[in-house]
Amino acid sequence: MSAQTFFITTAIDYTNAPPHIGHAYEKVLADVIARWHRERGRSVFFLTGVDQHGQKVQQSAEKAGVAPAEFARDITAKFKALWQKLGIAYDGWAETTDPRHIAAVQDVLQQLHDQGDLYKARHSGHYSVRQEQFLTDKDRNAQGEFGPEWGEVVFIEEENWYFRLSKYRPWLAEHIAAHPDFVFPSFRGNELANAVAKEAGDLCISRPKSRLGWGIELPFDRDFVTYVWFDALMNYATFAGYRATNGGQLPDFQQLWPCDAHVIGKDILIPAHGIYWPIMLKAAGVEVMPRLLVHGWWNLGGAKVSKSAGNVVDPDALADRYGADGLRYYLMRDIATGQDADFNEERLKARYNADLANDLGNLVNRTVSMARRYREGTLAGAPSDQSEDAIALQALAADAAVRFDAAMQNYQVHTALDAVWELIAAANGFVESSAPWKLAKDPALSGRLDEVLVVLVEAARLAAALVHPVMPRAADELLGQLGFAGNLANSWGAVAAGHCVGEAKPVFPRLETDVAA
RNA sequence: GGGCCCGUAGCUCAGCGGUUAGAGCAGGGGACUCAUAAUCCCUUGGUCGUGUGUUCGAAUCACACCGGGCCUACCA
C-alpha cells in the first residue's frame with residue numbers, strides 16, 4: 001500500500017560551508033529520478049533543503065563575526081542559487097529553522113518523553129569540538145592520544161537526554177531482514193544489517209544551552225536544545241506535512257508517505273539514516289518505513305574530496321564552463337549509481353564533445369538543417385508503406401525507449417543513457433546510409449526523401465525526449481528546434497503531415513580540446 | 001585484527017565456466033558533405049594484477065600473494 005505520489009528526498013546540506021561537487025551530484029541524481037517519474041505521468045514530491053542548526057554553523061558564524069541565523073541564511077542562499085543554476089526542480093524546501101519544523105520536532109520529542117523513550121543521564125569525557133561528539137578510548141591513536149582529525153578536544157562533564165535506541169534494535173534487524181529493498185544497492189543493505197547486529201547503546205540527543213544555543217529547545221527541559229538527529233532527520237517527515245498544524249502550506253503527509261527514495265551518500269547510511277532514522281519513526285508511531293537510495297562518491301585522482309586536502313571542485317564554475325546540462329550529463333553518465341567514480345574534468349570535456357556536441361547535438365542540427373534545406377522546414381507525413389531501414393530504426397528506437405525506462409526504474413541512469421546513445425548512433429548511421437543529399441538531387445526520389453526526413457525527426461525527437469530528465473534545458477532547446485517543444489512522449493510517431501521544424505542552432509557548442517593555460 | 005570491494009586495450013568500463021576477450025573515447029586509414037573540421041565505414045592495440053590449483057575447458061571457480069580503496073574492531 002504505497003501512496004500515489006512518488007516521494008523523493010535528498011540529504012539536507014549543512015550550512016557551514018558552500019556546496020561542492022558531491023552536494024551537486026546528489027541533488028542532480030534525485031532531480032533526474034524525480035523528473036523521469038513526472039514525465040511518465042506520476043505525481044511527484046521532491047524535497048531537499050538545508051540543515052542550519054548545530055555547533056559547526058554556530059562556530060563558523062562566530063568566526064565570521066555574524067549571528068548563526070545570518071550566517072546560515074547566507075550559505076543557504078548559495079545552495080539555493082546553485083540549485084537554480086543546475087535546474088534542480090524541487091517541490092519542497094526544508095530549512096531546519098522553519099517554525100513549522102521546530103513545532104513538529106518538539107511535538108515528537110514530547111511524545112517520546114511522555115512514553116518513556118527518553119531519559120536524562122550524566123556523562124563525562126573527552127569531547128571533540130570539530131566532530132561534535134564525545135570520544136572514547138577507541139578513538140585514541142597508537143600513541144594513546146586523540147589525533148589531529150578530531151581537532152580541539154576538551155574534557156567536559158554534563159547531563160544530557162538520551163533516546164532508547166537499544167529498545168528498538170531487534171525490531172530494526174527484523175525489518176531489514178524482511179525488506180530486501182529497504183536499501184539500494186543491496187550490498188549497502190548487507191553492511192547495514194551487519195552494523196545493526198553490532199550497534200549497541202542509546203543515543204544522546206541533546207546539548208546544554210550553555211554550550212550550544214543554536215538549536216531546537218527541548219519542550220520538557222528548557223535548558224537543552226536537541227542535537228542534530230531529531231532536528232535534521234525529522235525534516236524528511238515534517239516538510240512532508242508530518243504533524244503539521246497549520247493546515248495549508250505543507251503537503252498532506254498521508255499522500256506522500258512512505259518516502260520512495262531517501263537519496264543519501266554512503267557516508268551517512270550508518271548509523272544516521274539506516275539506524276537512527278527508522279527507529280525514530282518507529283518510536284514516533286510511523287509504521288511504514290521509507291526506502292534508502294545510497295549513492296557513492298566522486299573521488300579526485302583516487303582520493304576522497306575534502307576541504308582539508310584542498311581538492312574541492314566547484315560545481316558552480318563547472319556549470320559556467322560546460323553548461324548546467326553538460327555537468328548534469330557527465331555526473332549521470334560517468335558513474336554507476338551506488339558506486340564510486342573518479343571525477344576528471346578532461347573526461348567531462350571529452351564526453352561533452354563526443355556525446356553531446358558530436359553525437360546528439362549534431363544529429364539534431366543536421367536533421368533540422370536538412371529539413372529546412374530540402375523541404376523549407378515543412379515535412380510530409382509518414383508514408384503508408386515504410387522502407388525496411390525505416391522500420392528497422394523505428395524498432396531499434398522502441399527497444400531503446402523500453403530499455404531506458406527499465407534502467408531508470410532501477411536508478412541505473414548511466415545504463416539508461418547508454419540506450420539513448422545507441423539510438424543516436426543508429427540515427428546518425430541512417431543519415432549516412434540514406435544520404436538525403438543524393439535523394440534531393442533526383443526528383444524521382446522525392447517520396448523517399450520525405451520518408452527519410454520524417455524518420456530522422458522522429459528519431460531525434462525521441463532521443464531528445466528521453467534525455468530530458470537528465471538535461472532538461474538542453475532537451476527543451478533540441479525539441480524546440482525539431483518543432484516539438486514540450487513533447488516528451490517516449491514513443492515513436494509524433495510527426496504529422498505538415499509538421500514544421502524550427503531554426504537549427506548548435507545546442508552544445510563544441511569545446512576546444514586544449515586547456516587554456 | 002576481522003569483513004568487504006576493486007585490479008581486463010593509452011583512458012573509462014562491460015563480460016563473471018565454454019567458439020579466435022568486447023564497447024565507448026583516444027590513435028591510424030578510407031568514404032561522404034546535410035551538419036558544431038561534425039558523421040559513417042575499416043583498423044592498430046590486451047601475458048584479462050602475480051602464482052598455484054580445480055576442470056575436458058578459467059578473465060570467469062578456490063587458495064595464496066602484490067597493489068588500490070572502504071567499513072569495522074583491539075575479541076584470538
Side-chain angles (χ1 to χ4, degrees), chain A residues 136-142 144 185-200 265-271 274 294 296-305 323 326 330 333-336 338-375 377 389 412 414-415 417-422 424-441 449 452-453 455-457 460 474 477-478 481 501 503-513:
Chain A
T136 64
D137 287 340
K138 72 186 180 187
D139 296 316
R140 294 177 189 272
N141 59 25
S186 58
F187 71 90
R188 294 282 175 215
N190 296 339
E191 282 184 12
L192 177 61
N194 293 335
V196 171
K198 285 181 195 169
E199 187 83 9
K266 64 179 185 181
D267 54 320
I268 56 175
L269 170 65
I270 300 167
V294 185
W297 284 356
W298 283 96
N299 298 315
L300 274 172
K304 179 172 153 178
V305 174
Y330 173 75
R333 179 62 188 79
D334 237 22
I335 191 170
Q339 307 291 123
D340 288 354
D342 210 51
F343 182 88
N344 182 309
E345 191 168 341
E346 285 307 310
R347 213 171 141 65
L348 194 176
K349 195 181 299 179
R351 281 229 171 259
Y352 177 96
N353 276 337
D355 300 354
L356 301 182
N358 297 353
D359 292 345
L360 174 58
N362 187 235
L363 171 65
V364 172
N365 193 241
R366 68 198 309 204
T367 296
V368 173
S369 181
M370 286 189 285
R372 296 180 67 84
R373 175 183 291 250
Y374 303 134
R375 289 293 181 264
D389 57 354
Q412 301 302 301
H414 63 300
T415 306
L417 288 170
D418 261 349
V420 184
W421 258 259
E422 282 180 36
I424 292 167
N428 274 321
F430 183 83
V431 176
E432 300 304 320
S433 60
S434 62
W437 47 93
K438 286 182 185 165
L439 302 176
K441 289 174 184 162
L449 178 56
V452 166
L453 292 175
V455 165
L456 285 175
V457 171
E477 181 59 31
L478 294 170
Q481 292 185 17
V501 301
E503 301 281 335
K505 186 186 170 200
V507 173
F508 302 106
R510 201 179 152 76
L511 299 165
E512 293 310 314
T513 45

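Protein chains get the first letters and strands the later ones, always in sequence-line order, with residue 1 at the start of each.
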Quiz item: Under the side chain to side chain contact (heavy atoms under 4.5 Å, CB included) test, which residues partner A/A425, sequence neighbours left out?
Solution: none

Quiz prompt | Proximal nucleotide (of B/A35, B/U12, B/U36) relative to the A/D334 side chain | solution = B/U12

Quiz item: Given the C1' atoms of B/C11 and B/A73, what is the spacing between them in whole Å?
Solution: 38 Å

Exercise. Using the P atom on both, measure B/G45 against B/U55 and round to a whole Å.
Key: 36 Å

Quiz prompt | Integer-rounded Å distance: B/G24 P and A/N344 CG | solution = 20 Å

Quiz item: When we call it a touch if two heavy atoms are under 4.0 Å apart, what does A/G361 touch: a base, just sugar-phosphate, or nothing?
Solution: base

Quiz prompt | Distance between C1' atoms of B/C34 and B/C40 (Å, rounded) | solution = 13 Å

Practice problem: Could you tell me which nucleotide pairs with B/G27 by Watson-Crick or G-U wobble geometry, both distances under 3.5 Å, or answer none if nothing does? | Solution: B/U43

Quiz item: How is A/D359 classified with respect to the nucleic acid when contacts are heavy atoms under 4.0 Å: base, sugar-phosphate, or nothing?
Solution: sugar-phosphate

Quiz prompt | Whole-Å C1' distance, B/U44 and B/G27 | solution = 8 Å

Quiz item: Which whole number of Å gives the distance between the C1' atom of B/C16 and that of B/U60?
Solution: 5 Å

Practice problem: Provide the distance between the two C1' atoms, one in B/A58 and one in B/U50, to the nearest whole Å. | Solution: 16 Å

Quiz item: Is there side-chain contact between A/R375 and A/L449, with heavy atoms separated by less than 4.5 Å?
Solution: yes

Quiz item: When the C1' atoms of B/C5 and B/C13 are considered, how many whole Å apart are they?
Solution: 16 Å

Quiz prompt | Heavy-atom closest pair, residues A/Y330 and A/D342 | solution = OH-O, 3.5 Å

Exercise. When you get a sec, tell me which of B/A35, B/C11, B/A38 is the closest nucleotide to the side chain of A/R510?
Key: B/A38

Exercise. State, with a plain yes or no, whether a side-chain heavy atom of A/D355 is found less than 4.5 Å away from one of A/F508.
Key: no

Practice problem: Mind checking A/V507 for me? I need base, sugar-phosphate or nothing, with any heavy atom below 4.0 Å counting as a touch. | Solution: base

Quiz prompt | Strand partner of B/A62, provided both Watson-Crick or wobble distances fall under 3.5 Å | solution = B/U52

Quiz item: For atom NZ of A/K266, is the number of surrounding heavy atoms from other residues, nucleotides or ligands below 6.0 Å larger than 12?
Solution: yes

Practice problem: Classify the nucleic acid contact of A/F508 as base, sugar-phosphate or nothing, counting any heavy atom under 4.0 Å across all strands shown. | Solution: base

Self-check item: Base paired to B/G1 (Watson-Crick or G-U; both N/O distances under 3.5 angstrom)
Solution: B/U72

Quiz item: Which residue, A/I424 or A/L360, contacts RNA chain B at a nucleotide closer to its 5' end, judged by nearest heavy atom?
Solution: A/L360

Exercise. May I ask you to say what A/N428 touches in the nucleic acid, namely base, sugar-phosphate or nothing, with a heavy-atom cut-off under 4.0 Å?
Key: sugar-phosphate

Self-check item: Min side-chain heavy-atom separation A/M370-A/V452 under 4.5 Å
Solution: no

Exercise. Rounded off to whole Å, could you give me the CD1-to-P distance for the A/I270 and B/C70 pair?
Key: 16 Å

Exercise. Can you tell me the distance, in whole Å, between the CG atom of A/D340 and the P atom of B/C70?
Key: 9 Å

Exercise. Compare the minimum distances between each of B/U36, B/U12, B/A35 and the side chain of A/R347, then state the nucleotide with the smallest one.
Key: B/U12

Quiz item: Using atom P of each nucleotide, how far apart are B/U47 and B/U8 to the nearest Å?
Solution: 12 Å

Quiz item: With sugar-phosphate meaning primed atoms plus P, OP1 and OP2, does A/P509 contact a base, only sugar-phosphate, or nothing at under 4.0 Å between heavy atoms?
Solution: base

Quiz item: Out of B/C25, B/U12, B/C34, which nucleotide sits closest to the side chain of A/S369?
Solution: B/C34

Quiz item: Where the side chain of A/N365 is concerned, which of B/U36, B/A38, B/C34 is the nearest nucleotide?
Solution: B/U36

